[in-house]
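Reviewing the structure listed below.
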Amino acid sequence: MVLAESFYNRKDVVKIARELLGKLLVTEFGARTSGIIVETEAYAGTTDKASHAYKGRRTGRTEVMYSQGGTAYVYLCYGIHHLFNVVTNIKDIPHAVLIRAIEPVDGIETMLERRHKTKLLPSLTAGPGALSQALGITTSHTGISLLTGNIKIEKGITVKKEQIVEATRVGVAYAMDDALRPYRFYIKGNRFVSKGKGL
DNA sequence: CAGCAGATTGACT
DNA sequence: GTCAATCTGCTGC
């Protein structure tokens, strides 16, 4: 079952980030590839120094963050890595949730080929750049709808509250006090959770 | 318009 | 543990 617009359009991006854990992120570019979301981070738009849309910034790259909830926001980091985000809230409120790690489910062979690997190791999909490559997501997919496009999020599994760990975000030390906000969530003990540097 | 830093990864000392 | 790869966008000349 694909998540409805009403899931994405809510105001509380942090709550949505927490609820995305256990959901199934699916892409269908040829073969179906998918994985359970095990790690997310919330980016709270204009009031969050770590967000690209801090203070209402608009550029060609961030424009899609101002779309309505349920839109894919993919951007290039360090000129190499495609990072996949889910836009939330209503139009003109630039909230987004970064998907940092998934646990592979469908199309593992296809993902191994895309990542030029032969064995299923955590490094296949642990990390935002890694999972995007495994699922075949690139910046050309930014702005497409998660409700009707070939990238979508399905119901997945139920994650108990006790399994969810709250933490600070990774790689955003430059955001000063906002770097300390507990906006990162991951499933306790899952081996596909990225290592990061902020642990 | 040059210089710099970044929501990262992977190869190498 | 260190460092390069390589694009977008901000800052300052």
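In this structure, R115(A) reaches the dG10(B) phosphate: one of its side-chain N or O atoms is under 4.0 Å from OP1 or OP2.
To the nearest 0.5 Å, atom CD1 of residue I37(A) and atom CG of residue L20(A) are 5.0 Å apart.
At a threshold of 4.0 angstrom between heavy atoms, the contacts of L76(A) are confined to the sugar-phosphate backbone, with no base atom among them. The residue A130(A) sits close only to the backbone: its heavy atoms come under 4.0 Å of sugar-phosphate atoms, none of a base.
Salt bridge status for E28(A) with K152(A): present, with a side-chain N to carboxylate O gap under 4.0 Å. Looking at E41(A) and R169(A), no side-chain N of the basic residue comes within less than 4.0 Å of a carboxylate O on the acidic one, giving no salt bridge. Salt-bridge formation is detected for the pair E154(A)/R32(A): a Lys NZ or Arg NE/NH1/NH2 atom is positioned less than 4.0 Å from an Asp or Glu carboxylate oxygen.
Whole-Å rounding puts the R57(A) CZ to dA5(B) C1' distance at 12 Å. L83(A) has its CG atom 18 Å from the P atom of dT6(C), to the nearest Å. For the pair F84(A) CZ and dT8(B) P, the computed distance is 16 Å after rounding to whole Å. If you take CZ of R61(A) and P of dC10(C), they are 8 Å apart, rounded to a whole angstrom. One interatomic measurement links the two molecules: NE2 of H116(A) to P of dA11(B), which rounds to 12 Å at whole-angstrom precision. In this structure, the NE2 atom of H52(A) is 16 Å from the P atom of dA5(B), given to the nearest Å. Per the geometry, CD1 belonging to I99(A) stands 14 Å off P belonging to dT8(B), to the nearest Å. dG10(B) atom C1' lies 14 Å from atom OH of Y78(A), rounded to whole Å.
Contact annotation: the side chain of P122(A) never approaches that of E103(A) to less than 4.5 Å [non-hydrogen atoms, C-beta and beyond].
If you take atom C1' in dT8(C) and the same atom in dG10(B), they sit 22 Å apart, rounded to whole Å.
When each of V172(A) and S123(A) is assigned the nucleotide of DNA chain B with its nearest heavy atom, V172(A) is the one assigned upstream, toward the 5' end.
Nucleotide dT8(B) forms a Watson-Crick or G-U wobble pair with dA5(C), both donor-acceptor distances falling under 3.5 Å.
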